Structure formats: C-alpha cells, structure tokens
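Source: prediction; values computed, not measured.
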Amino acid sequence: MADRPARKTPKPHRAQVVRTDRLTPHMVRVVLGGDGLAGFTPGEWTDRYIKLLFPAAGVSYPEPFDIERIRADFPREQWPVTRTYTVRAWDPAVRELTVDFVTHGDEGLAGPWAARVQPGEDVHFLGPGGAYAPSADADWHLLAGDESALPAIAAALERLADGAPRTAGAPVRAFVEVAGPEEEHKLTAPEGAEITWLHRGGAPVGEVLVAAVRALDFPPGQVHAFVHGEAGFVKEIRRHLRLEREIPRAWLSISGYWRRGHNEDGWQASKREWNQRVEAEQEGERPEGERPEEAAA
C-alpha cells in the first residue's frame with residue numbers, strides 16, 4: 001500500500017490587536033484586525049475556534065512567520081505553544097475578529113497575554129475550525145456551559161436571534177455557570193429565550209450547572225443540545241442526556257474544553273482517550289435504541 005501524503009499544516013493568519021476591553025473581572029475581549037485577515041473564512045459554525053500561536057519562552061522566529069519551517073528547523077521544545085479559543089464574532093465589513101479570554105491573574109498563558117496585550121501587537125493563529133451550529137430542524141435548543149463555553153453560547157444565541165428559517169420561535173434554554181454575578185454580561189438572544197446565570201460561589205465548577213440541567217422541565221419535541229466546558233461536569237451532563245433523557249448522539253454537541261488539573265497541552269494529549277472511555281462507559285450501559293425497561297430486564 002502506498003504511503004499517504006503527509007497532511008500539510010494550514011498557513012497561519014497574521015493579525016494585529018486593534019483594541020481590548022475588560023468585560024468582567026475575569027473576562028477580557030481582544031479584537032484582532034489587519035490585512036492578514038483578508039483570507040480569513042469564518043465558516044458556518046457558531047463554535048468556530050482558532051489556535052493562537054505563542055512563541056516559546058526566549059525564542060524568536062524568522063520572518064516571514066512560517067509554521068512548517070519552524071517545525072522543520074527548530075527542536076520541538078522551541079515550537080510555538082498553541083492555545084485554542086472560540087471566535088466570539090467576525091465582522092467582515094471592517095475585517096475584525098473578536099476573541100474573549102477567561103483570565104485568572106498570572107495563571108496560564110493566553111489569559112495573562114490578553115490582559116496585558118496592547119493595540120498594534122502582532123499575533124499568529126491557525127483556523128478556524130468548528131462543528132456546531134443550532135439546527136434548523138430542532139424543536140428547541142439547550143445550551144449549557146461554564147465561562148469557557150460562554151463565547152460559543154453567546155454566538156449560538158445571536159444566530160438564533162437572527163431568525164434563520166425554522167429557528168424563529170423555537171424555545172431556547174441556556175444555562176451559564178460563572179463564579180458570581182459580577183461575571184455576567186449582556187447577551188443578544190431570541191425573544192422568549194430563557195437564559196439562566198448560575199453562580200457557583202465556592203462550589204466545584206459544574207456542580208450547580210449539572211443540577212440545573214437535571215431539574216429542567218424539557219419542552220416537547222426534539223432538542224439540539226450544546227454542552228461544553230470542564231470535562232468532569234460535561235461527562236455528567238452527557239450521561240444525563242444520553243441515558244436518562246434518551247437523546248440520540250446526533251442531536252448532541254458535547255465536549256470538554258478543559259479539565260481540572262491539566263493545562264491545554266496535557267488535556268489535548270489525553271482528550272481523545274478520555275472521550276473514547278466516556279463513550280464506552282456510557283454507551284455500554286445502554287445500547288443504542290434500547291429502552292430503560294429493556295436494560296433493566
């Protein structure tokens with residue numbers, strides 16, 4: 001069998017920081033622009049994401065920035081570090097890309113960068129990718145997540161508010177867990193959408209969110225669910241939706257954006273195995289299409 005050709009890395013985009021805005025005590029908005037975004041194609045997804053490329057500490061790269069050349073010429077530990085973030089908004093008229101960052105002081109890499117970056121600074125990124133947009137065939141929509149999922153939830157709400165064919169009038173139930181009321185900010189949503197802000201306080205991340213989804217009185221009809229955030233609570237909500245609510249996998253967009261105790265490098269390295277294990281555990285408890293009474297027989 002002939003060897004498959006190596007997959008070519010997409011060419012990075014180069015942008016400049018246009019402005020920043022602190023939305024809440026722990027969320028910073030960074031708006032990117034510049035001629036380097038001329039070839040940016042946003043795609044149809046509302047959870048579209050980009051992979052920001054941060055130089056390794058103490059390392060400079062030749063110009064023009066070429067990720068394939070860097071990976072060929074530099075040792076792996078000197079490659080740029082990637083961090084994945086949802087595109088909050090794309091304005092093609094002024095060619096501006098908006099990305100919201102959760103910050104925790106000096107913790108992490110991208111958050112501190114977003115908090116201190118100044119207009120005019122360059123940034124390189126790959127993408128976009130994505131896999132979810134609210135289905136026009138759904139009878140209603142469920143959106144649930146923590147701060148990390150808030151940009152994607154906000155983008156989905158805006159898409160639904162646009163009144164695309166067959167989405168207008170579909171009930172929307174959105175749950176967003178944040179640290180406290182100071183982390184709330186205004187969202188654009190379709191008329192009648194029920195948006196619930198959940199304040200965790202000192203509780204473990206996801207605890208109040210899992211309880212809220214479990215307690216929800218589901219509207220009739222087929223739901224299209226989007227559940228993202230910390231992997232532990234995502235696993236619990238997935239179990240509830242798949243096994244207790246019997247929602248087919250095709251109507252679920254569920255993934256852990258991050259996992260407690262792991263940075264993005266560690267989480268991405270183990271995410272595929274984690275997802276496969278979760279699916280095997282949960283799908284094994286009830287084969288596809290099997291009713292609860294059949295499983296108990």
Side-chain angles (χ1 to χ4, degrees), residues 12-34 36-37 40 42 46-55 57 80-91 94-130 143 145-158 174 176-189 195 197-201 205-206 209 228-230 256-260 262-265 267-268:
H13 299 278
R14 178 175 184 167
Q16 288 77 46
V17 175
V18 176
R19 59 187 177 276
T20 66
D21 182 24
R22 183 165 288 278
L23 302 179
T24 72
H26 291 100
M27 184 165 282
V28 174
R29 173 164 292 172
V30 178
V31 180
L32 305 176
L37 295 182
F40 183 78
T46 55
D47 71 337
R48 56 199 173 199
Y49 60 86
I50 60 174
K51 290 186 173 291
L52 295 159
L53 300 168
F54 294 98
V81 179
T82 63
R83 289 294 181 264
T84 307
Y85 277 84
T86 302
V87 173
R88 175 61 185 83
W90 165 250
D91 186 340
V94 293
R95 201 181 290 160
E96 288 186 349
L97 183 69
T98 299
V99 184
D100 292 347
F101 295 78
V102 178
T103 64
H104 297 285
D106 293 331
E107 181 181 336
L109 175 62
W113 172 85
R116 67 173 179 263
V117 72
Q118 297 297 313
E121 293 189 32
D122 285 346
V123 60
H124 296 89
F125 66 88
L126 300 169
L143 308 168
D146 58 16
E147 296 94 333
S148 68
L150 179 52
I153 290 174
L157 289 170
E158 289 182 357
V176 183
E177 182 186 294
V178 293
E182 71 281 359
E183 295 300 326
E184 297 182 18
H185 59 266
K186 184 175 176 59
L187 300 175
T188 299
I195 301 174
W197 292 91
L198 302 166
H199 306 146
R200 80 173 65 91
V205 61
L209 183 59
H228 290 252
E230 196 281 321
Y257 279 159
W258 62 286
R259 187 180 177 190
R260 279 180 292 183
H262 295 68
N263 62 19
E264 179 165 343
D265 300 319
W267 172 231
Q268 292 300 328

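- Contact annotation: the side chain of Phe125 approaches that of Leu97 to within less than 4.5 Å [non-hydrogen atoms, C-beta and beyond].
- Scanning both residues, Thr86 and Thr46, for their nearest heavy atoms gives CG2-O, 4.5 Å.
- For the ring pair (Phe, Tyr, Trp, His ring centres under 6.0 Å) test, residues two or more places apart in sequence or in another chain that qualify with Trp113 are Phe54, Phe101.
- Among all heavy-atom pairs drawn from Gly105 and Pro112, the shortest one is O-CG, 3.6 Å.
- Of the possible polar contacts, one joining the Glu177 side chain to the Leu209 backbone as a donor-acceptor pair under 3.5 Å is found.
- Between the CG atom in Asp106 and the CZ atom in Arg116 there is a gap of 8.5 Å [rounded to 0.5 Å].
- Applying the ring pair (Phe, Tyr, Trp, His ring centres under 6.0 Å) test to His124 and every residue at least two apart in sequence or in another chain returns Phe65.
- Test Asp100, Thr98, Asp21 against Arg29 for side-chain hydrogen bond (donor to acceptor under 3.5 Å, both in side chains) and you get one pass: Asp100.
- The two atoms that bring His13 and Gly127 nearest to each other are NE2-O, 3.1 Å, heavy atoms only.
- For the pair Glu96 and Arg19, the salt-bridge criterion is met [side-chain N within less than 4.0 Å of a carboxylate O].
- Atom-to-atom distance recorded for Glu230:CD and Trp258:CH2 is 5.0 Å, nearest 0.5 angstrom.
- When all heavy atoms of Ala152 and Tyr257 are compared, the closest pair comes out as CB-OH, 3.9 Å.
- The CE atom of Met27 sits 9.5 Å away from atom CZ of Arg88, with the distance rounded to the nearest 0.5 Å.
- Pro42 pairs by the side chain to side chain contact (heavy atoms under 4.5 Å, CB included) definition with Phe40, Arg48, Trp90, not counting sequence neighbours.
- Here the NZ-CD1 distance, from Lys186 to Ile195, works out to 9.0 Å after rounding to the nearest 0.5 Å.
- With a 4.5 Å cut-off on side-chain heavy atoms, Thr82 and Leu53 count as touching.
- Residues Ala174 and Leu157 approach most closely at CB-CD2, 4.5 Å, considering heavy atoms.
- Note that CG of Leu187 and CG of Leu150 are 6.0 Å apart. Values are rounded to the nearest 0.5 Å.
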Residue pair Arg22, Thr103: steps toward the side chain to side chain contact (heavy atoms under 4.5 Å, CB included) verdict: CA-CA 10 Å; Arg22 183 165 288 278; Thr103 64; 3.6 Å; yes
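- A salt bridge does not link Arg200 with Glu183: every distance from a Lys NZ or Arg NE/NH1/NH2 to an Asp or Glu carboxylate oxygen is 4.0 Å or more.
- Annotation for Val178 and Glu147: closest pair CA-OE2, 3.4 Å, computed over non-hydrogen atoms.
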Verdict with reasoning, Leu126 to Ile50, per side chain to side chain contact (heavy atoms under 4.5 Å, CB included): CA-CA 6 Å; Leu126 300 169; Ile50 60 174; over 6 Å; no
side-chain hydrogen bond (donor to acceptor under 3.5 Å, both in side chains) between His26 and Glu182, intermediate numbers included: CA-CA 9 Å; His26 291 100; Glu182 71 281 359; 5.4 Å; no
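- Residue Leu32 holds its CG atom at 11.0 Å from OG1 of Thr20, rounded to the nearest 0.5 Å.
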